[in-house]
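Below is one structure, written out as structure tokens, with a few remarks after it.
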Amino acid sequence: MNSIQKNRLKDQLFKIWGIACTLFGLVLLVIFIGDILIDGIGRIDWGFITDLPSRKAEKSGIFTALMGSIWILLLTTAIAFPVGVAAGVYLEEYSKKNRLSAILEINISNLAGVPSIIYGLLGLEVFVRIMGLGASVLAGALTLSLLILPIIIVATREAIKAVPKSIRDASYALGASKWQTIWNQILPASGGGILTGVILALSRAVGETAPLIVVGALAYVPFAPSNPMDEFSVLPIQIFNWISRPQHGFIENAAAAIIILLLITFVMNGIAVYFRNKWQKRLK
Amino acid sequence: MEKLKDKKLVSASTEDDITSKNASRIEAKDVKVWYDDFQAIKGIDMVIKPNTVTAFIGPSGCGKSTFLRLFNRMNDYVEGFRMEGKIKIEGNNIYKKKVNVEELRKEIGMVFQKPNPFPKSIFENVAYGLKIQGIKDKKFINERVEKALRQADLWEEVKDNLKKSALALSGGQQQRLCIARTLAVQPSILLMDEPTSALDPISTAKIEELIHNLKEDYTIIIVTHNMQQASRISDYTAFFYLGELIEFDKTRKVFTNPEKKQTENYITGRFG
């Protein structure tokens, strides 16, 4: 075998290896989704979504948990979106490049790697106890906001970095102030990237369980929250709770709830992709 | 201006300037610039007269772009930038502490090397400078936009498509749009940093013609790598080399009978 053939063989081998690695994750996901669908799809009907939780599996619905998840999602968005984007804009546009900003930067990346349960403990101490919010939706949303802030900040910075310098130059040269340039040019041009990052971060928040358990989200809440200070549960906790029960009916319920939760995250990711494509087209 | 036969243009007085009230006079006094430890400009004096076109020529890295960007303080954003000396526009030192940089830039427009329209509509591009000044009067904005596009010789090509994205225009049209965008603010000085280097010959010719017409109302400084362009369009030419101003004189003089050997070598293509 000469060296050209050898190289070609290596090339082919690596290609096959690469395909295998790619398929590994995908195949598992397909098996998982298929399994869940078989178990749960038959359980999903309108009643399953609008019913309150019950001791009887066949009467149980996800209404309170779904509403809790939606409340959490909305409140977390309202808190994390403005704070995260503003912090990202500050770090990228205003902060001087010195040692302090370097330390800040490293630690924001570090924060993104902190296990979520730690955020839960932080939320428990600061929001639930010190601020006296109790095991409320607000305390949960604040905790999750902390969790996803680093992701939003990093996404915002990356998106801003991708805006060509020439646009900035053009705006400044016309007499625009820094804020005018950010508001009129940089944010619109980086909006797609920022939104994508925010939505992906939120879809992570929707699936979070551990920090909310620590904060005190309950598995059994008889009513959907009606204001930010109400107690709440969320879908992942409901799923966790059902799975840990022995009766087969609850396993079915869990599978059905997983389908709903997956649907929510897939839709959110889909929206993120849509925004990204739309914005990219506009910039071209 | 034919009176100015002497080569000491630097100290030429203002009385023989034919000034329109719009264009401005620029004076640089002992200007030095550093980027961190690197000295990019090594003490330059220069007087640029109103309603003239001045070409900055010289090899890459000679400091001509840096010098140009001093006039609207665009170097302020460059990390490690430091400057000494004075730059006066209409007698006012623009590097004094209390100078409002945003106000200054409304007076001194800039066109860049690569056309850089905003990813917005043609109309919004031209109206942007007015919008950021807080002007809301629609009729006024419409008039200004049309006037600027006419001045930039683009109106006929885009008047039916003002809502179209500026990015859909050709490179040459984009550059004229950038000129229009600058003119809409009605500055008195136009800085152009190699404005045609990314354009084809036909677009280049259009922009050169434009520069010639704009001279009536503006003081224009243009950085160019194209010797023919400098000789075609400019009244004065400044040759920079290694951060120094080697020669500054009437374009005809610089190109036919340069004072310095270095200038001659550069314009005849022996180096650079």
Side-chain angles (χ1 to χ4, degrees), chain A residues 88-105 156-196 274-284, chain B residues 68-69 71-80 100-121 124-135 148 165-168 174-175 177-187 189-193 198:
Chain A
V89 168
Y90 169 78
L91 285 172
E92 202 52 43
E93 293 289 324
Y94 286 93
S95 83
K96 292 238 159 64
K97 302 278 171 281
N98 53 25
R99 183 168 288 186
L100 181 76
S101 67
I103 292 173
L104 245 126
E105 251 167 64
T156 302
R157 298 190 57 184
E158 291 305 319
I160 289 177
K161 261 188 209 150
V163 177
K165 187 174 160 288
S166 62
I167 287 184
R168 225 172 282 247
D169 281 348
S171 180
Y172 286 138
L174 285 166
S177 65
K178 195 158 209 177
W179 172 245
Q180 284 172 324
T181 301
I182 292 171
W183 184 252
N184 291 307
Q185 303 298 344
I186 296 184
L187 285 181
S190 58
I194 293 175
L195 270 182
T196 306
Y274 172 76
F275 271 124
R276 192 169 51 211
N277 290 344
K278 201 180 140 191
W279 237 276
Q280 264 167 4
K281 233 178 252 160
R282 236 189 45 172
L283 279 178
K284 260 173 203 155
Chain B
L68 182 81
R69 293 164 76 96
F71 300 132
N72 65 343
R73 292 191 56 171
M74 284 300 275
N75 289 326
D76 290 17
Y77 300 109
V78 180
E79 223 144 302
N100 181 331
V101 181
E102 282 88 44
E103 286 298 323
L104 173 79
R105 294 201 183 117
K106 285 169 199 159
E107 280 300 304
I108 303 164
M110 186 167 214
V111 177
F112 298 85
Q113 183 172 0
K114 243 181 88 193
N116 55 352
F118 300 125
K120 294 174 187 258
S121 74
E124 282 175 282
N125 261 278
V126 184
Y128 182 68
L130 304 169
K131 196 180 137 197
I132 57 176
Q133 290 180 29
I135 296 169
S165 166
L167 302 180
Q174 285 188 6
Q175 195 63 306
L177 179 70
C178 291
I179 293 174
R181 178 173 72 184
T182 307
L183 297 179
V185 190
Q186 300 199 335
I189 296 170
L190 265 185
L191 308 175
M192 301 179 137
D193 194 352

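Per chain, numbering begins at 1; letters A, B, ... match sequence-line order. These numbers were taken from a predicted model, which means no experiment stands behind them. Note that these values count all heavy atoms, side chains included, but never hydrogens, waters or copies made by symmetry.
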B:Arg73, part contacting chain A, at a heavy-atom distance under 4.5 Å:
neither
Close side-chain approach of B:Glu102 to A:Tyr172, heavy-atom, < 4.5 Å
no
Looking only at A:Ala176, A:Ser177, A:Ala173, most heavy-atom pairs under 4.5 Å shared with chain B are made by A:Ala173
Below 4.5 Å, heavy atoms only, C-beta onward: do B:Lys114 and A:Asp169 meet side chain to side chain?
no
The interface call for B:Glu103 against chain A, heavy-atom contacts under 4.5 Å, is neither
Quick one, B:Phe118 and A:Ser171 - any side-chain contact, counting heavy atoms below 4.5 Å?
yes
Restricting to non-hydrogen atoms, name the atom on B:Pro119 and the atom on A:Ile167 that form the minimum distance, rounded to 0.1 Å.
CD-CD1, 3.6 Å
If I measure from the heavy atoms of chain A, does B:Ile108 come under 4.5 Å with its side chain, its backbone, both, or neither?
backbone
In terms of heavy-atom contacts, B:Ile132 and A:Gln180 come closest through O-NE2, 2.7 Å
Inspect the surroundings of NZ in A:Lys165 and state if more than 12 heavy atoms from other residues, nucleotides or ligands are less than 6.0 Å away.
no
For a 4.5 angstrom cut-off between non-hydrogen side-chain atoms, does B:Arg105 reach A:Leu174?
no
Which of B:Met110, B:Lys106, B:Met74 touches chain A most, by non-hydrogen pairs under 4.5 Å
B:Met74
Taking atom OG of A:Ser166 and atom CZ of B:Phe112, what is their separation to the nearest 0.5 Å?
8.5 Å
Write down the atom of A:Asn184, the atom of B:Lys120, and the distance for their closest heavy-atom approach.
O-NZ, 3.0 Å
Should we say atom OH of B:Tyr77 is surrounded by more than 12 heavy atoms from elsewhere, each under 6.0 Å from it?
yes
Look at atom NZ of A:Lys178 and say whether more than 12 heavy atoms of other residues, nucleotides or ligands are closer to it than 6.0 Å.
yes
